[in-house]
Amino acid sequence: MEKNITIHLKGSASVAVSSQGLSGLKALQALGIDNTENLAAVKINGEIKDVSTEIDSSAKLEPVYVDSQEGLQILRHSAAHVMAEAVKALFPGVKVTIGPAIKDGFYYDFDYKRPFDANDLPKIESKMAEIIRKDLPFIRSEVPSDEAIEFFKSQGETYKVELIEDLSEEVVSIYKQGNFTDLCRGPHLPSTGKIRAFHLTHVAGAYWRGDETKAMLSRIYGIAFADQESLNTYLENLEEAKKRDHRKLGPELDLFSIQDDVGPGLILWHPKGGTIRTIIEDFWRQEHYKAGYDIVYSPHIGRAKLWQTSGHLDYYQENMYSPMDIEGQEFYIKPMNCPFHITIYRSRIRSYRELPLRWAEMGTVYRYERSGVLHGLLRVRGFTQDDAHIFCRPDQIEDEILNCLDLTLHLLRSFGFYEYEVMLSVRDPERKKKYIGNDEMWEMAEGSLVNALERRELSYRREEGEAVFYGPKIDIKIKDALGRAWQCTTIQFDFTLPERFNMTFIGKDGQEHRPYMVHRALLGSLERFFGILIEHYGAAFPVWLAPVQVIILTITDRNIPYGEDLLKILSDTGVRAEKDFRNQKLSFKVREAQTKKIPYMVIIGDKEMETGNVTVRLRDGHNLPPMPPTELIDRIKNEVKLKSA
RNA sequence: GCCACCGUAGCUCAGAUGGCAGAGCACCUCACUCGUAAUGAGGAUGUCGGCGGUUCGAUUCCGCCCGGUGGCUCCA
């Protein structure tokens, strides 16, 4: 029915138009948008819709372009549909399942008589290119569920039937392009031709609905952009990430290794990695003392009864290794440090006057991880947590959380991480019974986490239902030099362990009270953090962390005595220096030092011997003017202090 | 654990229809004494991931296992 309506362009003018045959596209054109070539969709009153959507009442509009965040998601989702069409055309009998856009591209899961492999991808790509060239429109329609079920049944698409049945909607939307019809909420691009650059990246197995008891499907991953240049940039970034891969750089630079002889997921820290780890640990300890922590140590194994009391044997056993028999008694290797710290707490009666207690330990724990999930230093079976437990009175909790946040931000910044993603995980309000502890405790705990975050003006995402059963938590992910996010920090309330271990303190009133307990790891684990550091810096560590800060390169054998003197001067002042006095060309030695990413190359020849100076080459290729050794030492000391460069 | 792919010298990689396994770099020796990313010559290097099977003969074919990579799932 025709009527006169008013449409507004967000942040701009409005016009009166007739609603007769008014699509989103026409409405945008009426509002003076002429860049329709790059339109992915349109936001109507804030809701993202196809540009073909009919507008029948006054509305606020906003164009969504293919190169915007939201536009890209749509483009990739549409690319998934195109891929599905291509696969169906090439492999008769294949069944389609689901195919969404994801953070970094898109995928589609297929059920076929054989899994797809990398050799199939070029064929699929050229078929997709063909479909894209045809510039087929995506046509949306809404059909009653039973009709849709009949349709997909007739196509043999049993997974789609299952999806519609589970939706239990009266009407579902379907999208058709070319010969391919898919159940889909949309929105989609106006037509396939808008996908101007795409690439199928890899194949993988994936369970139907992520459930390992269900069918194993064959998943194809791809990436798509609105233009070729963006795709090229993306592929270049992948290359860059590959160059920084800690699994490659670590062994190459002799930092660490993982070897078959020892076992998967178990890390050998080589001397250079060990040097870095020592620096991290020393710094960590120093900052923890400053923040009012005490350091404790605990053993690697403990009696079965301890793990029974803590609940680990009931709730965590699948992550624990089999018990070992010691003189007829069972002991377990620890997957966590908490029971030990609690046992220290319980070694005598505690007064409210001594709280809060903050006990930190670089505690090495062992957890069973399924072989398929192991990944370099980032996911291992034995790792050292920078763990601590805080035991405090309820009235102290907010300051304690704040203290944790301040310490973690200070540490992370010192290591060169300035961007974070903060998540606050709270109870699922619908299923409170799932969790231990009463409402009052949860509200108090959550309130203290929120207050601390707000007092430090940290923006965070609230995640309902993501809390562990024993308490709410804050998780922090850091962003590295390539913008990738890595989980490190976790600050968790624990309502269950104080109960289980019957922990108490004597209050002002002379009565026993239950302490609050917070479990926190700030860097997460040393292994993972080291892996992240390697990738963040591409193993070109800042001077304070560099395992070798200076290498002395001689030009001829005549310079060796001066080189030895220099080495001694540097080493005596605490500079980590090495020598390369081999009878080789300078350029040869420079090249080698460069590949080792050593920050300072000190070059000494006859000139330097005469003047008593050093010539310094930086790893970025620049030279410093000749200077006396003391000046170099001051420079290094200063950089170590500032943790810069 | 499951699905796909992969495993040849310390590293990067060739190789053969089943018949004594190769290159470059690294390593060792010698010569060169040299000024900012590779000096030259020579030498040594392997249970061809492991075990079993087929075969006159297996690194190659088959089976099982171990390990790695990308995912699923899970997580510091």
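Because only heavy atoms are used, hydrogens play no part in the values below, and waters and symmetry mates are left out as well, while side chains stay in. Here is the naming used below: chain letters follow the sequence lines, and residue numbers restart at 1 for every chain.
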Could you state the atom-to-atom distance from [atom1] of [X] to [atom2] of [N] in whole Å?
X: A:I220; N: B:C72; atom1: CD1; atom2: C1'; value: 15 Å
X: A:D557; N: B:G35; atom1: CG; atom2: C1'; value: 15 Å
X: A:F581; N: B:U33; atom1: CZ; atom2: P; value: 20 Å
X: A:R379; N: B:G68; atom1: CZ; atom2: P; value: 14 Å
X: A:Q385; N: B:C75; atom1: CD; atom2: C1'; value: 11 Å
X: A:I280; N: B:A76; atom1: CD1; atom2: P; value: 20 Å
X: A:L266; N: B:C66; atom1: CG; atom2: P; value: 16 Å

Atom [atom1], compared across [N] and [M]: separation rounded to whole Å:
N: B:G24; M: B:A44; atom1: P; answer: 14 Å
N: B:G46; M: B:G35; atom1: C1'; answer: 41 Å
N: B:G52; M: B:A14; atom1: P; answer: 29 Å
N: B:A16; M: B:U60; atom1: P; answer: 15 Å
N: B:U73; M: B:C3; atom1: C1'; answer: 13 Å
N: B:C13; M: B:G18; atom1: C1'; answer: 23 Å
N: B:G43; M: B:A9; atom1: C1'; answer: 15 Å
N: B:U33; M: B:G19; atom1: P; answer: 50 Å

For A:F469, I'd like to know if atom CZ has over 12 heavy atoms of other residues, nucleotides or ligands within 6.0 Å.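 It does: A:F469 CZ has more than 12 such atoms within range.
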
Report, as yes or no, whether the 6.0 Å neighbourhood of atom CD on A:E419 holds more than 12 heavy atoms from other residues, nucleotides or ligands.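 Counting other residues, nucleotides and ligands, CD of A:E419 stays at 12 neighbours or fewer.
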
Validation row: A:I532, A:F417 side chains within 4.5 angstrom (heavy atoms):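 A side-chain contact exists here, since the closest heavy-atom pair is under 4.5 Å.
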
Do A:E564 and A:K579 have side-chain heavy atoms sitting under 4.5 Å apart?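 Of all side-chain heavy-atom pairs linking A:K579 with A:E564, at least one is under 4.5 Å.
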
Does a side-chain N or O of [X] approach OP1 or OP2 of [N] to a distance below 4.0 Å, or not?
X: A:H375; N: B:G68; value: no
X: A:R558; N: B:C34; value: yes
X: A:R367; N: B:C75; value: no
X: A:R247; N: B:G70; value: yes
X: A:S218; N: B:C3; value: no

Touch check for [X], heavy atoms < 4.0 angstrom, all strands: base, sugar-phosphate only, or nothing?
X: A:K607; result: base
X: A:E369; result: base
X: A:Y221; result: sugar-phosphate
X: A:V380; result: base

Compute whether any side-chain donor of one residue and acceptor of the other, for A:R520 and A:T408, lie under 3.5 angstrom apart.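 Their side chains do not contain a donor-acceptor pair, so the 3.5 Å distance test is not met.
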
Residue list, side-chain contact (heavy atoms from CB on, under 4.5 Å) with A:D245, at least two apart or on another chain: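 Partners of A:D245 under the side-chain contact (heavy atoms from CB on, under 4.5 Å) test: A:R247, A:K248, A:E535.
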
Can A:K596 and A:D580 be counted as an ion pair, charged N to O under 4.0 angstrom?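 Salt bridge absent between A:K596 and A:D580.
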
Nucleotide of B:U69, B:C72, B:G1 approaching A:R219 most closely (side-chain heavy atoms):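 The nucleotide sitting nearest to the side chain is B:C72.
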
If [N] has a Watson-Crick or G-U wobble mate with both distances under 3.5 Å, name it; if not, just say none.
N: B:A9; value: none
N: B:C32; value: none
N: B:G70; value: B:C3
N: B:G19; value: B:C56
N: B:C27; value: B:G43

Using the six-membered ring for Trp and the full ring for Phe, Tyr or His, decide whether A:F116 stacks on the six-membered base ring of B:A4 (centres under 5.5 Å, planes under 30°).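 No, A:F116 does not stack on the base of B:A4, since the centre distance and plane angle fail the 5.5 Å and 30° test.
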
Strictly under 4.0 angstrom, non-hydrogen atoms only: write out the protein contact profile of nucleotides 36-50 of chain B, one letter per nucleotide from the 5' end, B, S or -. BBBB-----------

Can the positive tip of A:R76 be found less than 6.0 Å from the middle of the six-membered ring of A:F106, inside 45° of the ring normal?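 Cation-pi check for A:R76 and A:F106: fails.
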
Cation-pi, A:F391 ring and A:R358 (6.0 angstrom, 45 degrees):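 The answer is no, since A:R358 fails at least one limit relative to A:F391.
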
Over all atoms of both residues, closest heavy-atom pair of A:A86 and A:I124: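 For A:A86 versus A:I124, the nearest heavy atoms are CB-O, 3.9 Å.
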
Near-ring test A:F110/A:F91, centroid separation under 6.0 angstrom: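 Ring centres of A:F110 and A:F91 not closer than 6.0 Å.
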
Is the gap between the ring centers of A:Y470 and A:F495 under 6.0 Å?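 So the answer is no for these two rings.
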
5′-ward residue of the pair A:Y316/A:E252 relative to RNA chain B: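 Its nearest nucleotide lies further toward 5', so the answer is A:E252.
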
Does anything in residues 205-212 of chain A come within less than 4.0 Å of RNA chain B? Heavy atoms only, and list the residues if so.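 Close to the strand are A:G205, A:A206, A:Y207, A:G210.
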
